[in-house]
Structure formats: structure tokens, C-alpha cells
Amino acid sequence: MANPAIAAGAARKKPLLLHPASKPLLFALLLLPLAYLVWAAATDSLGANPAEALIRRSGDWTLRLLCATLAITPLRVLLKQPALVRFRRMLGVATFGYAVLHFVCYAVLDQGLDLQVILKDIAKRPFILVGTAALVLMTPLALTSFNRAIKALGGKRWQRLHQSIYAIALLALLHFFWMKAGKNDFTQWSIYAAVIAALLGWRVWEAKKRSSASLLKQPVS
């Protein structure tokens with residue numbers, strides 16, 4: 001029978017990333033922006049145009065969480081912390097949640113939930129079309145973010161499907177660029193562009209390294 005003192009000591013030595021409370025803590029942190037937006041809307045603290053503020057801030061959090069999701073793999077490799085992968089799924093689902101909130105705020109607060117008007121607006125304005133396309137592409141990723149979906153699809157097909165996150169990131173970046181172009185203000189966009197370029201660039205570099213290593217291992221005929 002295990003010694004309780006030894007078991008307690010082992011639990012205390014467990015890395016923070018593997019601690020049972022780490023996921024609930026992340027979940028609570030991911031809810032904080034939503035809680036703030038609800039509080040700000042309830043207390044009329046969103047400024048002169050609360051509808052626009054809700055749309056913009058929910059969009060900002062979508063981009064931030066998208067960057068955080070894409071950062072998991074590079075950080076896992078560079079920091080040699082494989083346990084980081086435990087949080088990627090939760091970050092991805094949260095990204096989708098804030099993207100849905102962003103679209104719902106636009107559809108309800110900006111367009112009065114008039115489907116005909118929304119469809120015309122999407123067709124007329126390229127930045128909304130691109131943003132909607134990103135949300136549509138993100139939907140199957142969120143719907144297949146659980147273990148049963150991985151088993152049903154098979155590992156390789158599931159992985160190929162979830163690689164569309166790279167296209168989604170570029171579409172989200174283009175959506176934000178066109179939105180900012182109206183005000184000729186690209187400061188914030190440039191930060192997101194640099195982060196996403198670095199995260200995708202790292203993946204290209206790693207893929208080239210793996211390809212070169214594979215070629216070196218092939219026997220000379």
C-alpha cells in the first residue's frame with residue numbers, strides 16, 4: 001500500500017502544467033474577457049457606441065486567442081514543454097467561441113438580425129465576406145475538437161482538417177486589415193501580422209528541416 005506522505009510529496013512535485021487545476025484555471029481566464037464585456041454592457045461602460053465596441057473587442061479577443069492557439073506548438077518545442085499541448089484544444093474552442101460572439105454582435109447589434117440584410121452586407125463588403133469565411137472554416141474544427149471525432153476521422157484526416165487553421169489565420173488577418181484600412185490605422189494590425197508571420201514561418205522552417213533530414217536518411221541508389 002502506498003505511503004500517503006510519499007503520494008502527497010509526488011503530487012506537490014507535479015509540474016504546474018500537469019496540475020489538475022491548470023485546465024480549470026485556464027478556462028476561468030478565458031471567460032474573463034467575456035465577463036468583462038457583459039459587465040461593461042450592463043453598466044453602460046462601452047463608450048459612445050457600445051455596439052461597435054462589442055463587435056471590435058470580441059474580434060480583438062478572437063485574434064488574440066487565435067495567436068495563442070498557434071503559439072502552443074512552437075512554445076512546446078522551443079521550451080521543451082510537451083505538456084503545453086494539453087491546452088491547445090481549449091484555446092482553439094475558446095477562439096471559435098469568441099469568433100461566434102463577434103459575428104453574433106455584428107448580426108444582432110449592427111444588422112438587427114435581418115438575414116436578408118446580413119447576406120447582402122456579406123456579399124457587398126469584402127472584409128465581412130472574408131471574416132465570415134474564416135468563421136465557416138473554423139466551425140468544423142470546433143465540431144471535431146473531441147476524441148471521438150479524432151477516432152472517427154482517423155488521425156491523418158483529422159490532422160489535415162485541422163491544418164486549415166493556417167488559412168483561417170490568414171483570412172482573419174486580412175479581415176482585420178481591411179477593417180483597419182477604412183481608418184488608415186495599421187498599428188495594431190501590424191503587431192498581429194508580425195506574430196502570425198512568426199508562428200507560421202516557424203512551421204515552414206520546421207517542415208523544411210524535417211524534409212532535409214528525411215532526404216539525408218534515404219539510401220543512395
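The structure displayed is predicted, hence computed values, not measured ones.
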(message) To the closest 0.5 Å, what do you measure between CZ (Phe127) and NZ (Lys180)?
(response) 11.5 Å
(request) Can you see which heavy atom on Ile118 is nearest to which on Ala107, and at what distance? (result) CD1-CB, 3.6 Å
(message) Would you say that Phe96 contacts Leu141 through its side chain, given a criterion of any heavy-atom pair below 4.5 Å between the two side chains?
(response) no
(request) Any chance you could measure Thr69, atom OG1, to Met90, atom CE, to the nearest 0.5 Å? (result) 11.5 Å
(message) Taking atom CZ as the centre, does Phe27 end up with more than 12 heavy-atom neighbours from other residues, nucleotides or ligands that are less than 6.0 angstrom away?
(response) no
(message) Looking only at the side chains, is there a donor atom on one of Arg64 and Thr95 sitting less than 3.5 Å from an acceptor on the other?
(response) no
(message) Counting C-beta onward and ignoring hydrogens, is there a side-chain heavy-atom pair between Ile72 and Leu91 closer than 4.5 Å?
(response) yes
(message) Tell me if a side-chain donor or acceptor on Thr139 pairs with a main-chain N or O of Leu135 at a distance below 3.5 Å.
(response) yes
(request) Following the transitive rule for hydrophobic clusters with a side-chain heavy-atom cut-off under 4.5 Å over Ile, Leu, Val, Met, Phe, Trp and Tyr, establish whether Leu31 and Leu66 coincide in one cluster. (result) yes
(message) For a quick test of reading the model, state the closest non-hydrogen atom pair linking Leu78 to Trp202 and the distance between them.
(response) CD2-NE1, 3.9 Å
(message) I'd like to check the side chain to side chain contact (heavy atoms under 4.5 Å, CB included) partners of Leu109; sequence neighbours left out, ordered by chain and number.
(response) Ala51, Leu54, Cys105
(request) Return the set of residues passing side chain to side chain contact (heavy atoms under 4.5 Å, CB included) with Leu174 (not counting sequence neighbours), or none when no residue passes. (result) Val130, Trp178
(request) To the nearest 0.5 angstrom, please state how far the CG atom of Leu173 sits from the CD1 atom of Ile196. (result) 4.5 Å
(request) Go through the steps for Asp60 and Gln188 under the test side-chain contact (heavy atoms from CB on, under 4.5 Å), then give the verdict. (result) CA-CA 10 Å; Asp60 286 344; Gln188 195 178 8; 3.9 Å; yes
(message) Do Leu170 and Leu200 make a side-chain contact, defined as non-hydrogen atoms from C-beta onward lying under 4.5 Å apart?
(response) yes
(message) Do Val108 and Leu119 land in one hydrophobic cluster if side-chain heavy atoms of ILVMFWY residues count as linked below 4.5 Å?
(response) no
(request) Can you run down the salt bridge (Lys or Arg N to Asp or Glu O under 4.0 Å) pairs that involve residues 149-160, sequence neighbours left out, and say none if there aren't any? (result) none
(message) Give me the atom names and distance for the closest heavy-atom approach of Pro140 to Leu161.
(response) O-CD2, 4.3 Å
(message) Through direct or indirect side-chain contacts below 4.5 angstrom among Ile, Leu, Val, Met, Phe, Trp and Tyr, which residues connect to Leu32?
(response) Leu25, Leu29
(request) Quick one: pull up CZ in Arg148 and CG in Leu153 and give me the separation to the nearest 0.5 Å. (result) 14.0 Å
(request) Hey, could you give me the CG/CG distance between Leu46 and Leu37, rounded to the nearest 0.5 Å? (result) 7.0 Å
(message) For a 4.5 angstrom cut-off between non-hydrogen side-chain atoms, does Leu17 reach Phe87?
(response) yes
(request) Flag yes if Leu137 and Val93 sit in one hydrophobic cluster, no otherwise; membership is Ile, Leu, Val, Met, Phe, Trp, Tyr, and two members link when side-chain heavy atoms are under 4.5 Å apart. (result) no
(message) Restricting to side-chain hydrogen bond (donor to acceptor under 3.5 Å, both in side chains), what partner residues turn up for Ser58, sequence neighbours left out?
(response) His102
(request) Output every pair passing side-chain hydrogen bond (donor to acceptor under 3.5 Å, both in side chains) with a member in residues 31-42, not counting sequence neighbours, ordered by first then second residue. (result) Tyr36-Arg57
(request) Please examine the side chains of Leu101 and Trp61, heavy atoms only from C-beta on, and report whether any two atoms are closer than 4.5 Å. (result) no
(request) Could you tell me which residues satisfy side-chain hydrogen bond (donor to acceptor under 3.5 Å, both in side chains) with Ser22, sequence neighbours excluded, listed by chain and number? (result) Arg86
(message) Let me check something: do Val136 and Met179 share a hydrophobic cluster, defined by ILVMFWY side-chain heavy atoms less than 4.5 Å apart, either directly or through other members?
(response) no
(message) Check for me, please, whether Val104 and Leu113 land in the same ILVMFWY cluster - side-chain distances under 4.5 Å, paths through other members count.
(response) yes
(request) Answer whether the closest heavy-atom distance between the side chains of Lys23 and Leu26 falls below 4.5 Å. (result) no
(request) For Ala94 and Leu30, work out which heavy atoms get closest and say how close. (result) CB-CD1, 3.7 Å
(message) For Trp189 and Phe176, I'd like to know if the aromatic rings sit close, meaning centre-to-centre distance below 6.0 Å.
(response) no
(request) Hey, could you give me each pair passing side-chain hydrogen bond (donor to acceptor under 3.5 Å, both in side chains) that has a residue in residues 165-176? Not counting sequence neighbours. (result) Tyr166-Arg203
(request) Starting from the C-alpha separation in whole Å, work towards a yes-or-no answer on side-chain contact (heavy atoms from CB on, under 4.5 Å) for Ile150 and Thr144. (result) CA-CA 7 Å; Ile150 299 172; Thr144 57; over 6 Å; no
(request) Would you check if Leu63 and Tyr98 make a side-chain contact, meaning some heavy-atom pair closer than 4.5 Å? (result) no
(message) For the backbone of Ser145 and the side chain of Arg89, can you confirm whether one donor and one acceptor N or O come within less than 3.5 Å of each other?
(response) yes
(message) Suppose we screen for side-chain hydrogen bond (donor to acceptor under 3.5 Å, both in side chains). Which residues come up paired with Glu206, at least two apart in sequence or across chains?
(response) Lys209
(request) Considering non-hydrogen atoms only, spot the tightest contact between Thr62 and Ala99 and give its length. (result) OG1-N, 3.2 Å
(request) Search all heavy atoms of Ala71 against all heavy atoms of Leu199 and return the closest pair with its distance. (result) CA-CD2, 3.7 Å
(message) Using the side-chain hydrogen bond (donor to acceptor under 3.5 Å, both in side chains) criterion, which residues pair with Asn184? Sequence neighbours excluded.
(response) none
(request) Using the side-chain hydrogen bond (donor to acceptor under 3.5 Å, both in side chains) rule, collect all pairs that involve residues 107-118, keeping only residues at least two apart or in two chains. (result) Gln111-Asp121
(request) Tell me, please, which residues at least two apart from Glu52 pass salt bridge (charged side-chain N to carboxylate O under 4.0 Å, His left out). (result) Arg56, Lys183
